Novice: 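I'd like to ask you about the structure that follows.
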There are 2 protein chains.
Amino acid sequence: MSVRERAVTGGLQTVAAALDLLDCFAEDEELGVTEVSRRLNVAKSTAHRLLVTLTSRNICEQNPRTGKYRLGLHLYELGQLAVTRTELRRCARSLLEELREVTGWAVQLSVTSGVDTLVLERLMTTRSVKALPDFNRRLPGNVTAHGKALCAFDPDFARRRIEAGLPGPTEFSITDPKLFRAELEVIRRRGYATATGEAMPGVSSVAAPVLDSRGIAIAALAINGPPSEIVPMTARLGRLLQAAGRRLAKDMRADILR
Amino acid sequence: MSVRERAVTGGLQTVAAALDLLDCFAEDEELGVTEVSRRLNVAKSTAHRLLVTLTSRNICEQNPRTGKYRLGLHLYELGQLAVTRTELRRCARSLLEELREVTGWAVQLSVTSGVDTLVLERLMTTRSVKALPDFNRRLPGNVTAHGKALCAFDPDFARRRIEAGLPGPTEFSITDPKLFRAELEVIRRRGYATATGEAMPGVSSVAAPVLDSRGIAIAALAINGPPSEIVPMTARLGRLLQAAGRRLAKDMRADILR
DNA sequence: CCGCGCGTTCCAGTGAGCGGAACCACGCCA
DNA sequence: TGGCGTGGTTCCGCTCACTGGAACGCGCGG
């Protein structure tokens with residue numbers, strides 16, 4: 001799809017192409033002009049012009065050694081503005097720190113985004129940095145505890161995920177819709193979700209939803225760590241996270257009324 | 001400056017306008033079409049088209065209640081990709097967690113960006129969340145300990161800051177170039193920087209630089225907390241941060257050789 | 001009901017943006 | 001050493017995407 005074909009009703013095709021270019025960097029840290037032109041299906045000169053403009057505002061940077069381009073730090077600044085202004089993040093700030101200190105493991109706050117989950121905040125500890133690999137902020141909703149908690153308590157999200165297919169990054173991932181629905185039923189009865197090795201080997205997590213006044217999940221709180229540490233205290237973590245989820249939901253309702 | 005006047009040598013004016021529009025949200029959380037059109041000096045219909053396109057990719061979002069626009073969470077995703085791929089952030093990951101646990105206060109990692117400092121990572125604790133207000137990731141280089149450490153050990157940055165003027169957000173900020181230079185001399189001799197109430201009232205910090213092989217600062221590590229807690233242990237924190245800075249610099253040099 | 005403010009849509013004119021081609025720099029291999 | 005391939009950068013003629021002005025639709029307040 002070249003620039004001319006990026007229909008945006010009432011919008012600008014050139015800007016759409018520039019924004020789509022940014023998404024090319026999700027898979028690859030650095031890209032050359034030629035590869036960008038191939039992926040966007042535009043001429044090399046067009047790709048170059050897009051990159052030059054993005055680079056002029058530090059949305060992209062060029063590696064002087066290789067001549068290749070990567071995402072720039074101005075995105076980081078803008079992104080921090082976006083996320084720290086969300087109500088959810090504001091209300092969760094203190095709670096997340098407490099969870100981190102009480103449990104001693106990595107905590108995170110997630111929301112749905114399309115058919116995936118998006119981690120809005122992830123706080124680590126010394127031992128979690130050592131024990132856990134870095135992982136993605138965006139993941140399919142069926143392979144993590146927080147994703148499953150969100151699916152269990154947000155029927156729209158679950159439906160979207162199932163319709164889009166259930167990816168299976170590891171051998172433990174649930175990819176069968178029937179099994180997935182059964183798992184969601186278990187989670188709804190229990191009130192929290194668990195996952196081990198389903199997004200990536202050697203990571204266990206427990207998650208509970210943050211529910212709105214209709215009982216629909218608006219976010220999920222999770223604790224991550226190695227299976228040997230997390231699995232023995234699953235029930236305890238589940239209760240802790242449920243209580244935290246209720247507190248956060250209450251804080252958000254209070255915030256709206258303020 | 002309208003769209004037609006946004007010259008980008010070899011670039012695209014329309015894309016430049018879209019990116020400049022994003023910067024309008026630095027000051028204000030939400031903006032209407034009319035205000036955006038005023039700030040960019042473009043027609044309302046042009047502003048609207050830019051916003052519609054940015055919204056189509058979730059770079060902006062529209063508040064359905066007010067009709068106003070704000071930054072969208074896709075920026076957050078892209079920004080996280082940008083920052084987590086920096087060498088510095090990768091090397092500092094574990095070290096920052098240790099510093100936080102050893103000191104019990106908020107730690108941060110900063111770099112220079114134009115005439116300001118940019119906080120790449122800030123780790124909080126429960127008590128720091130309670131004791132410290134939220135503050136900006138971008139600040140002038142003369143009003144924070146990390147900014148002063150970067151100025152003391154990066155002469156170019158210091159020159160740029162002084163030439164651009166020394167802002168004084170509080171009554172304690174150093175705004176006189178002569179006094180500022182004297183302060184930098186003290187920091188260079190001592191090896192670490194301190195600040196109290198200079199960026200915002202009621203916050204103290206200690207910072208030390210991360211130096212490259214020529215002795216030029218490439219980053220700064222800082223600890224922040226309330227004056228009553230930080231000031232009595234300034235010397236101890238200074239030494240701790242200097243050691244951490246040396247270790248980080250060494251890790252980065254090792255990383256490059258890998 | 002009318003006026004005002006603001007987000008949204010429409011349309012004619014034109015200049016910004018497109019792609020193809022050439023240029024330049026670098027590394028590699030016979 | 002020279003030729004080739006790769007990939008970033010620059011140039012140019014053509015055309016259509018983008019611009020601004022104007023109109024529209026909606027909500028609110030007097």
Side-chain angles (χ1 to χ4, degrees), chain A residues 1-22 24-25 27-72, chain B residues 1-22 24-25 27-72:
Chain A
M1 185 161 57
S2 71
V3 170
R4 304 269 191 222
E5 294 161 351
R6 289 177 199 275
V8 184
T9 308
L12 305 171
Q13 296 171 348
T14 305
V15 175
L19 301 178
D20 291 344
L21 188 153
L22 296 177
C24 296
F25 290 102
E27 278 181 36
D28 295 283
E29 187 170 340
E30 287 196 346
L31 291 167
V33 171
T34 307
E35 181 60 24
V36 166
S37 107
R38 197 186 63 75
R39 291 191 190 185
L40 290 183
N41 192 27
V42 298
K44 271 208 295 182
S45 51
T46 298
H48 185 251
R49 276 191 293 267
L50 289 166
L51 285 163
V52 162
T53 312
L54 293 166
T55 301
S56 78
R57 302 311 199 253
N58 207 25
I59 298 290
C60 286
E61 300 173 355
Q62 188 176 24
N63 182 334
R65 223 175 7 97
T66 62
K68 293 188 175 192
Y69 293 82
R70 61 196 166 209
L71 297 177
Chain B
M1 185 161 57
S2 70
V3 170
R4 304 270 190 222
E5 294 161 349
R6 289 178 197 273
V8 184
T9 308
L12 305 171
Q13 297 171 350
T14 306
V15 176
L19 300 178
D20 292 342
L21 188 154
L22 296 178
C24 295
F25 290 101
E27 279 182 36
D28 295 285
E29 185 170 343
E30 287 195 345
L31 291 168
V33 171
T34 307
E35 182 59 26
V36 167
S37 106
R38 197 186 63 75
R39 291 191 188 186
L40 291 183
N41 194 27
V42 298
K44 268 207 299 181
S45 51
T46 298
H48 184 251
R49 276 189 294 265
L50 290 167
L51 285 163
V52 163
T53 312
L54 293 166
T55 301
S56 77
R57 302 311 199 256
N58 207 25
I59 297 289
C60 285
E61 301 173 354
Q62 188 176 26
N63 183 334
R65 226 177 3 98
T66 62
K68 294 189 176 192
Y69 293 82
R70 62 196 166 207
L71 297 177

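In this text the structure is predicted, and so the values were computed from the model without any measurement. In the text below, chain A, chain B and the rest are named by the order of the sequence lines, each starting its count at 1.
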Novice: Any chance you could measure I59(B), atom CD1, to T53(B), atom OG1, to the nearest 0.5 Å?
Specialist: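 So the gap between those two atoms works out to 11.5 Å.
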Novice: Using OP1 and OP2 only, check whether a side-chain N or O of Q62(B) sits under 4.0 Å from dT8(C).
Specialist: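 Answer yes for this pair, as a side-chain N or O of Q62(B) is under 4.0 Å from OP1 or OP2.
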Novice: Identify whether any heavy atom of T14(B) sits under 4.0 Å from a base atom; if not, whether one sits that close to sugar-phosphate; answer base, sugar-phosphate or nothing.
Specialist: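 Touches sugar-phosphate only.
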Novice: Round to the nearest Å and state the distance from R6(B) atom CZ to dG17(C) atom C1'.
Specialist: 17 Å
Novice: Measure the distance from CG on L50(B) to C1' on dG7(C) and round it to the nearest whole Å.
Specialist: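 One finds 15 Å between C1' of dG7(C) and CG of L50(B), rounded.
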Novice: To the nearest Å, how far apart are N41(A) CG and dG19(C) C1'?
Specialist: 12 Å
Novice: Testing N41(B), V3(B), V33(B) one by one against T46(B) for a side-chain contact (heavy atoms from CB on, under 4.5 Å), which residue passes?
Specialist: V3(B)
Novice: Is there a donor-acceptor contact under 3.5 Å from the side chain of Q62(B) to the main chain of G67(B)?
Specialist: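 Here the side-chain-to-backbone pair exists.
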Novice: Show the nearest heavy-atom pair for residues R70(B) and E29(B), with the distance to one decimal.
Specialist: CB-O, 3.1 Å
Novice: With heavy-atom distances below 4.5 Å as the criterion, would you say the side chains of L40(B) and R6(B) are in contact?
Specialist: yes
Novice: OP1 or OP2 of dT8(C) sitting under 4.0 Å from any side-chain N/O of H48(B)?
Specialist: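 So the side-chain polar atoms of H48(B) do come within 4.0 Å of the phosphate oxygens OP1 or OP2 of dT8(C), strictly under.
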Novice: Give, for atom CG of L31(B) and atom CG of L51(B), the distance between the pair rounded to the nearest 0.5 Å.
Specialist: 8.5 Å
Novice: Could you state the CG-C1' distance from L40(A) to dC18(C), rounded to the nearest angstrom?
Specialist: 14 Å
Novice: What is the distance, rounded to the nearest whole Å, between atom CG of L12(A) and atom P of dG20(D)?
Specialist: 11 Å
Novice: Considering only heavy atoms, which members of residues 29-36 of chain A lie under 4.0 Å from some atom of DNA chain D?
Specialist: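 Output list: G32(A), V33(A), T34(A).
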Novice: Any donor-acceptor pair under 3.5 Å between the side chain of K44(A) and the base of dG20(C)?
Specialist: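 Between dG20(C) and K44(A), which were checked side chain against base, a qualifying N/O pair under 3.5 Å is absent.
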Novice: So, is Y69(B) near the phosphate of dC6(C), with a side-chain N or O under 4.0 Å from OP1 or OP2?
Specialist: no
Novice: Any side-chain N or O of R49(A) under 4.0 Å from OP1/OP2 of dG17(C)?
Specialist: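 So the side chain of R49(A) is outside the cut-off, no N or O lying under 4.0 Å from OP1 or OP2 of dG17(C).
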Novice: Rounded to whole Å, please give me the gap between NZ in K68(A) and C1' in dC26(C).
Specialist: 14 Å
Novice: Apply salt bridge (Lys or Arg N to Asp or Glu O under 4.0 Å) to R39(B) and list each qualifying residue two or more places apart in sequence or on a separate chain.
Specialist: D28(B), E35(B)
